[in-house]
J.: 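Just passing along the structure, written as structure tokens.
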Protein chains: 2
Amino acid sequence: MAESDILERFGERVRKLRKKQGYSQEDFAHACELDRSYMGGIERGERNVALRNLQRIAETLGITLSQLMKGI
Amino acid sequence: MAESDILERFGERVRKLRKKQGYSQEDFAHACELDRSYMGGIERGERNVALRNLQRIAETLGITLSQLMKGI
DNA sequence: TTGTGACTTTTAGTCCGTC
DNA sequence: GGACGGACTAAAAGTCACA
């Protein structure tokens, strides 16, 4: 399924941006007010994240949703 | 809740782009392979759409996810 | 510090309809 | 052509313990 790639690509994108800002997965999850294991699932491409959580992630990274989606 | 605005802004964005391409709501929903009542809910800002469906909507509109999210 | 399985609760998303 | 509702099923949200 080609679409499942979108979750993986998104996960990689989050992981990259998160690391770039020096967060551990746990600290980042906490900053997003999400559970650590949920965030882990996102980065591994296992979660089909919806708009509200996408927005939280973008906000925590200090970027727009559009920027977060770049290259996805 | 400030985040609920994101759903409304997204709904307006979809409606605008959909109309620009001359689709009726029903035809557009069908083109996205989504239910018409669901698409109505999206445009009314009542639905917290997840990544896979965001991608379908973007594809149907012929734009990238990043472009779809512009201004959201 | 992260992966992962198992799980419950909440909501996404469908399908029927009416106005 | 679109708003809106009820009833339903599938899947997302969210949590925990252990490797």
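Naming: A, B, ... by sequence-line order, numbering from 1 per chain. Worth saying up front: this structure is predicted, and the values here are computed from it rather than measured.
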J.: Please check the phosphate of D:dG14 (OP1 and OP2 only) for any side-chain N or O of A:Tyr38 closer than 4.0 Å.
T.: no
J.: What nucleotide, of D:dG1, D:dA13, D:dA3, holds the atom closest to the side chain of B:Ser24?
T.: D:dG1
J.: Within the side chain of A:Arg52, is there an N or O that forms a donor-acceptor pair under 3.5 Å with the backbone of B:Asn48?
T.: no
J.: Record whether the side chain of A:Ser37 comes under 3.5 Å of the base of D:dC16 through a donor-acceptor pair of N or O atoms.
T.: yes
J.: Looking only at side-chain atoms of A:Asn53, point me to the closest of D:dC4, D:dG2, D:dA13.
T.: D:dA13
J.: Quick one: is C:dT10 close enough that its OP1 or OP2 comes under 4.0 Å of any side-chain N or O from A:Arg52?
T.: no
J.: Considering only heavy atoms and no angle criterion, is a donor-acceptor pair shorter than 3.5 Å present between the side chain of B:Arg36 and the base of C:dG17?
T.: yes
J.: Considering only heavy atoms and no angle criterion, is a donor-acceptor pair shorter than 3.5 Å present between the side chain of A:Arg47 and the base of D:dG14?
T.: yes
J.: Whether the side chain of B:Gln21 engages the backbone of B:Leu61 through a donor-acceptor N/O pair (distance < 3.5 Å, no angle test) should be reported.
T.: yes
J.: For A:Arg44 and D:dA12, give me the distance from atom CZ to atom P, rounded to whole Å.
T.: 15 Å
J.: Applying a 4.0 Å non-hydrogen cut-off, can you work out what A:Asp35 is touching in the nucleic acid: base, sugar-phosphate, or nothing?
T.: base
J.: Respond yes when some side-chain nitrogen or oxygen of A:Arg56 is under 4.0 Å from OP1 or OP2 of D:dA13, and no when none is.
T.: no
J.: Can you find a side chain N or O atom of B:Asn48 that sits less than 4.0 Å from OP1 or OP2 on C:dT11?
T.: no
J.: Hey, could you give me the OG1/NZ distance between B:Thr64 and B:Lys70, rounded to the nearest 0.5 Å?
T.: 7.5 Å
J.: Looking at B:Ser66, is its backbone amide N or carbonyl O close enough to the side chain of A:Ser66 to form a donor-acceptor pair, meaning the two atoms are under 3.5 Å apart?
T.: yes
J.: Closer than 4.0 Å, any side-chain N/O of B:Arg18 to the OP1 or OP2 of D:dG1?
T.: no
